[in-house]
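Just below is one structure, and these are the notes that go with it.
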Number of protein chains: 2
Amino acid sequence: MLRRTPSLVQQVKMHLKQRIRAAEFADGRFPPEADLARELGVSRNTLRDALSQLEAEGVIFRRQGAGTFVSQAGLMVKTRLEEIIPYETLIRQHGYNPTVKLLSVRQEPVEPEIKAGLEAENLSDLLVIKKLFLAGDTPVIFSITYLPPHLITRPYTPDDIRGPIYRFLPRFCQQEFAYYLTEIVPVDAPPWLADTLQLPSHRTVLLAFDETGYNQDDRPVVRARSYFRHDLIRLRLVRRLAV
Amino acid sequence: MLRRTPSLVQQVKMHLKQRIRAAEFADGRFPPEADLARELGVSRNTLRDALSQLEAEGVIFRRQGAGTFVSQAGLMVKTRLEEIIPYETLIRQHGYNPTVKLLSVRQEPVEPEIKAGLEAENLSDLLVIKKLFLAGDTPVIFSITYLPPHLITRPYTPDDIRGPIYRFLPRFCQQEFAYYLTEIVPVDAPPWLADTLQLPSHRTVLLAFDETGYNQDDRPVVRARSYFRHDLIRLRLVRRLAV
DNA sequence: CAGTGGTCTAGACCACGGG
DNA sequence: CCGTGGTCTAGACCACTGG
């Protein structure tokens with residue numbers, strides 16, 4: 001997997017974010033698009049693509065006829081739900097030091113409902129991966145991942161499992177990961193979960209992600225359930241009016 | 001508020017959605033971009049803008065060198081979290097008949113935390129709006145909205161309040177609504193809420209949206225908290241890898 | 001009115017895949 | 001290889017705001 005040069009749009013995005021972090025636009029105002037494009041040596045279209053993405057992320061906002069401005073609220077958003085990021089990064093963005101504990105990797109029977117979502121009703125067992133993510137010393141995320149074992153085409157070690165499953169798939173399953181279809185569910189933690197996450201007794205309500213991962217052929221290849229200590233890990237997103 | 005012609009991109013989007021609904025692409029395959037653009041009489045750029053949006057919504061997926069395809073999973077997604085839609089529409093998308101009950105509209109003191117988020121610490125009271133949304137006969141969403149009363153510049157009737165607050169703002173407050181910054185929170189329903197939503201005694205865990213609405217000048221103008229019966233209203237979204 | 005962002009076009013070239 | 005989608009450009013015109 002070689003990295004190719006990030007697209008111009010990506011580079012412009014990163015460049016502008018950098019300048020925002022450096023508080024270069026002290027009054028919160030961007031230069032006109034034409035000037036900025038010329039300065040960066042890209043077409044206005046390319047610059048505008050980057051600006052549109054930054055606006056969708058809540059970093060800036062634009063007003064026709066008026067200008068482009070740095071958004072104050074956008075700076076508060078630690079997480080953008082519609083983007084998949086490693087849980088370690090998520091924890092780091094919240095200001096903690098992340099650790100992963102690989103609790104278990106086993107092939108075992110699972111509920112029919114899980115298998116159905118993977119179009120794997122005929123399989124008896126799935127590969128079940130359990131992980132615990134710590135923020136400092138505090139467990140904050142617990143995840144269970146289900147993978148049909150027949151997808152795996154190369155031998156792997158536990159270390160290969162420690163990272164996100166969407167990194168594992170292309171490397172060991174000849175599957176390109178495309179997207180998660182995620183359902184957000186509130187959960188009253190059962191004792192085993194409260195135990196695993198070392199929840200204080202008065203805090204048993206958690207946020208959970210119920211995810212189905214699809215490959216680039218739009219076939220479901222993996223399912224996962226993740227539980228979050230929402231009091232420590234905040235899930236925020238920017239919502240806009242549908243057109 | 002006059003409607004202007006929807007942009008070409010919007011029109012193309014709607015047109016393609018329509019053709020997908022009509023199952024016109026039986027094998028799930030789109031024509032090549034160049035052909036489709038010519039057929040629709042738009043430039044390839046315009047067509048591609050529409051396709052990109054449809055892809056982001058999970059309706060289609062594209063593979064370089066291979067083609068553009070209708071996504072199966074995308075058809076299952078009833079809700080896209082990053083888009084604001086009226087709760088009535090949300091309920092209808094779930095196959096129920098929606099009703100709104102305006103429970104109360106009162107000016108009253110609120111917690112300092114709410115006022116702080118609205119930069120209204122110096123106000124003693126805010127306008128507090130409580131609504132209940134039914135799916136058929138079943139209460140499924142309860143919402144509380146907080147609005148600084150001094151924003152209102154025109155007299156209004158209760159009927160003007162029944163709709164979404166982001167429609168009220170431009171009409172009665174001379175404020176253009178821009179976006180919500182939303183935090184997703186799991187909640188163990190207190191008795192008053194379980195009562196309002198007529199929850200079965202074993203179902204007290206709810207999903208809540210904690211929202212701050214911003215105007216086009218990026219100033220907070222409204223706060224809202226909505227509680228969802230997640231067993232009846234599913235909140236799903238498509239998540240993609242961050243670039 | 002001048003200056004800003006919003007929309008749309010035609011055309012070029014690149015990267016990837018197996019119709 | 002050819003055909004697909006991916007990227008980028010230069011330029012035109014429109015819509016809106018009050019620098």
Side-chain angles (χ1 to χ4, degrees), chain A residues 1-13 15-16 25-56 60-71 170 174-176 178 215-218 240 243, chain B residues 1-13 15-16 25-56 60-71 170 174 176 178 215-218 240-241 243:
Chain A
M1 288 287 168
L2 295 177
R3 291 216 180 157
R4 59 172 150 319
T5 305
S7 72
L8 268 187
V9 173
Q10 274 308 313
Q11 293 181 48
V12 170
K13 243 178 91 175
H15 173 86
L16 292 176
F25 312 107
D27 54 351
R29 182 179 195 120
F30 263 50
E33 296 181 348
D35 296 1
L36 202 45
R38 196 173 338 106
E39 176 192 330
L40 298 178
V42 301
S43 76
R44 197 180 149 217
N45 280 346
T46 300
L47 171 65
R48 276 183 59 78
D49 270 2
L51 290 178
S52 297
Q53 293 188 27
L54 290 176
E55 186 174 33
I60 60 173
F61 63 100
R62 299 189 278 185
R63 291 185 54 187
Q64 186 173 15
T68 299
F69 309 87
V70 177
S71 170
Q174 300 177 320
Q175 300 276 342
E176 275 305 315
N215 68 11
Q216 293 214 338
D217 292 322
D218 206 33
R240 295 176 186 281
V243 192
Chain B
M1 286 288 170
L2 295 177
R3 291 216 179 157
R4 60 173 151 315
T5 306
S7 71
L8 268 187
V9 173
Q10 274 308 313
Q11 293 182 49
V12 170
K13 243 178 91 174
H15 173 85
L16 293 176
F25 312 106
D27 54 351
R29 180 178 197 120
F30 264 51
E33 296 181 348
D35 295 1
L36 201 46
R38 197 175 333 108
E39 177 192 331
L40 298 178
V42 300
S43 76
R44 196 178 151 222
N45 280 346
T46 300
L47 171 65
R48 277 183 59 77
D49 270 2
L51 291 178
S52 297
Q53 292 187 29
L54 291 176
E55 186 174 32
I60 60 173
F61 63 100
R62 300 189 278 185
R63 291 184 57 185
Q64 185 171 16
T68 299
F69 308 87
V70 177
S71 170
Q174 299 178 320
E176 275 306 315
N215 68 10
Q216 294 214 338
D217 293 322
D218 204 33
R240 296 177 186 280
L241 289 176
V243 192

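Basis for what follows: all heavy atoms, side chains included, without hydrogens, waters or symmetry-related copies.
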Check whether any side-chain N or O of A/Thr46 sits under 4.0 Å from OP1 or OP2 of D/dT9, and answer yes or no. yes

Could you tell me the separation between the CG atom of A/Asp217 and the CZ atom of B/Phe61, rounded to the nearest 0.5 Å? 6.5 Å

So CD of B/Gln53 and CG of B/Leu51: to nearest 0.5 Å the spacing works out to 10.0 Å

note: A/Glu33, atom CD; D/dC8, atom P; distance rounded to Å ~ 17 Å

Distance, rounded to the nearest Å, where A/Arg48 contributes CZ and C/dC8 contributes P: 11 Å

Taking for A/Arg44 and for A/Leu8 the nucleotide of DNA chain D with the nearest heavy atom, the one nearer the 5' end belongs to A/Leu8

Can you check the B/Arg29 CZ to D/dT4 C1' distance for me, whole Å? 8 Å

With a 4.0 Å cut-off, would you call B/Glu176 and A/Arg63 a salt bridge? no

Verdict with reasoning, A/Ile60 to A/Phe30, per side chain to side chain contact (heavy atoms under 4.5 Å, CB included): CA-CA 9 Å; A/Ile60 60 173; A/Phe30 263 50; 4.1 Å; yes

Given the 90°-from-0 boundary between syn and anti, C/dG19 should be labelled anti

Residue pair B/Arg62, B/Ser52: steps toward the side chain to side chain contact (heavy atoms under 4.5 Å, CB included) verdict: CA-CA 9 Å; B/Arg62 300 189 278 185; B/Ser52 297; 2.9 Å; yes

Angle by which the axis turns from one end of the helix from C/dC1-D/dG18 to C/dG18-D/dC1 to the other, five pairs per end, to 10 degrees: 10°

Rounded to the nearest 0.5 angstrom, the CG-CG distance for A/Leu47 and A/Leu8 is 11.0 Å

Side-chain heavy atoms of A/Leu36 within contact of A/Val12, under 4.5 Å: no

Classify the side chain of B/Arg63 versus the base of C/dG17 as yes if they form a donor-acceptor pair under 3.5 Å and no if they do not. no

Does B/Thr68 place a side-chain N or O at less than 4.0 Å from the phosphate oxygens OP1/OP2 of D/dG5? yes

Euclidean distance, atom CG of residue A/Leu51 to atom C1' of C/dT4 [Å, nearest integer]: 13 Å

Please give, in whole Å, the distance from D/dG19 P to A/Asp27 CG? 14 Å

Between D/dG6 atom C1' and B/Leu47 atom CG, what is the distance in whole Å? 13 Å

Whole-Å gap separating P (C/dT7) and CG (B/Asn45): 14 Å

Without decimals, in angstroms, what is the distance between B/Gln216 CD and C/dG5 P? 15 Å

